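Report on one structure; see the data block that follows.
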Amino acid sequence: MKKLLILLCLFSLSRTLAQQESDLTKEKNINGFNITSISYVADSIEELQTINWIDVKEMFDENKNNERIELTFGLDFKKSKNNFKSSIKIAGESKDLDSLIKKSKKLVRSLIKISKKYQN
């Protein structure tokens, strides 16, 4: 009976200790998060023109190279007579972030050009 009680105590103790996280794991869980999608919707062309592309790039610094990311940019003219809404979405892997930003810049310029006639 004594041996059974000792084995039961050891078993429960080992289960308890096995479930504790190390300090390194705890720190990584607190600070280690990944951004997989950014959405930026503006209600004026001027807002869309002021996007800081360096900040967009920095937001994905913590991601691994093979993680899928999405960039979405849009305009929503709620006060215009046509109630114009439009958006673009670019998706790819983190390792291709520079080319995704380059494509996004071109598409945002196109979006601005198309939406100028709907602004009022």
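Note that the coordinates shown come from a computational prediction; the quantities given were computed from them, not determined experimentally. As a basis for the values below, the full set of heavy atoms in this structure was taken, side chains included, without hydrogen atoms, waters or symmetry mates. The first residue in the sequence is number 1, and the count goes up from there.
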*Centroid-to-centroid, W53 to Y40, below 6.0 Å?*
no

*Write down the atom of I88, the atom of S104, and the distance for their closest heavy-atom approach.*
CD1-O, 4.2 Å

*If a pair satisfies salt bridge (Lys or Arg N to Asp or Glu O under 4.0 Å) and one of its residues is in residues 83-99, list it, with sequence neighbours excluded.*
K57-D98, E70-K89, E93-K95

*If Ile, Leu, Val, Met, Phe, Trp and Tyr residues are connected whenever their side-chain heavy atoms lie under 4.5 Å apart, and connections chain through other members, are M59 and V56 in the same group?*
yes

_If I compare all heavy atoms of I112 with all of Q49, which pair ends up nearest, and what's the gap?_
CD1-CG, 3.5 Å

*Given side chains that start at C-beta, do those of S115 and I45 come closer than 4.5 Å, heavy atoms only?*
yes

*What distance separates K105 NZ from L71 CG, expressed to the nearest 0.5 Å?*
12.0 Å

*Go through the structure and list residues passing side-chain contact (heavy atoms from CB on, under 4.5 Å) with I69, not counting sequence neighbours.*
F60, N63, S94, L97, L100

*Specify the closest pair of heavy atoms between F77 and D43, including all atoms of both residues, with the distance to one decimal.*
CD2-O, 3.5 Å

_Smallest separation among heavy atoms of G74 and L48, with atom names_ = O-CD1, 4.0 Å

*Would you give the length of the straight line joining atom CD1 of I35 to atom CD of E67, rounded to the nearest 0.5 angstrom?*
11.0 Å

